[in-house]
Amino acid sequence: MNGKKRIAILGSTGSIGTQALEVIEEQGNLYEAYVLTANNSTDKLIQQARHHRPAAVVIANEAHYTKVREALADLPIKVYAGTDALCQVVEDDNVDIVLASMVGFAGLRPTISAIKAGKMIALANKETLVVAGELIVRLAAEYQVPILPVDSEHSAIFQCLEPGNRIEKILLTCSGGPFRTFTEEELQHVTKAHALAHPTWNMGAKITIDSATLMNKGFEVIEAKWLFGVSPEQIQVIVHPQSVIHSMVQFEDGAVKAQLGMPDMRLPIQYAFSYPRRLKASFDRIDFFKTKDLTFEQPDTKRFRCLALAYVALARGGNMPCIVNAANEIANKAFIDDRITFNRISEIIEQSMAHIPFAADTSLDTYMQTDKETRKYAQSLI
Ligand code: MN3
């Protein structure tokens, strides 16, 4: 026992996972990477495991098991494969914090396992709250597990909160994505290459496309509702292209608190690990004399329909956000594969919302069933 907090990183080869490992390395006397997992990125997982020497790794795609096991055979690292193994490793008694940083619906089951095992959750996988916010919040309360937001906006809001003082409004900032100034006509012709050149944040492909459609912001509205217990009307999206203000909270006396910083995900990741303390870190500081104007705009939900659809899904509740998430995962992937145009993404989501039967209950079984049916239907539209 060395007193370090042991962290299981679900999705260690992705953008958040990689940056989390940088944080763990910089704060090496406080944290250690105890479990690393990847879906398909074997080479990166092997390289990370050889460098960080976790107790265990999981490769979710079982087809890669032999390759990973053989590459780590000379080290005392347990190697597991399969999605069930993801749910098991987070229950290990030695794990203190689970960083849920995998992409999409796949993050839901392991996160539920971690909550039931009483682990502190650092939540980067927003789809978990989008699909199953009510269930996750209920379980977290039941098992008395803290859920610490890693998404930069939600970390900002969390940092602005005042115990005992009610939130009047959350002002959720949004970069606007790479197509903020494009006309509807121009949006017909954009490609993934345009979208992947995101102006401010350095992120994975799925979330970068979600940022371009504003689906990401829609998901963040749903995420904020569940994390902070506010109604949809209390969440206002504000386009702020410079991404210096990471979000704001307005209190009942009209006071507004904001959290500012350079766009660097390592700060919210580190804060989720160290909360309520702040740790000294070498991240870039804002130079206010070099900061250009900070500007604010109303989001255009006509050009960026996904944001409006997220509010509809949130108001409807039940399995509706799950439908939106599943249809979006299919449409997002089809756009990345050059199979559909940009504007088709929101159309596929909207058609799925109209077609898949509504279910008011919020059980895991309903979500699994809805997810499966929606994917099949959305795929048929491509
Ligand atoms: Mn965000």
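Both counts, for ligands and for their atoms, begin at 1 and track the order of listing.
- The pair Asp93-Arg6 does not count as a salt bridge, with every side-chain nitrogen at least 4.0 angstrom from each carboxylate oxygen.
- Checked against the Mn ion (ligand 1), the N, O or S atom of Glu220 at the shortest distance is OE2.
- In this structure, the side chains of Leu72 and Arg50 come closer than 4.5 Å at one or more pairs of heavy atoms.
- At a threshold of 4.0 Å, the pair Glu347-Arg344 counts as salt-bridged, since one of the basic side-chain nitrogens sits closer than that to a carboxylate oxygen.
- To the nearest 0.5 Å, the span separating OG on Ser175 from CD on Gln242 amounts to 10.0 Å.
- The nearest N/O/S atom of Asp151 to the Mn ion (ligand 1) is OD1.
- Per residue Glu153, closest N, O or S atom to the Mn ion (ligand 1): atom name OE1.
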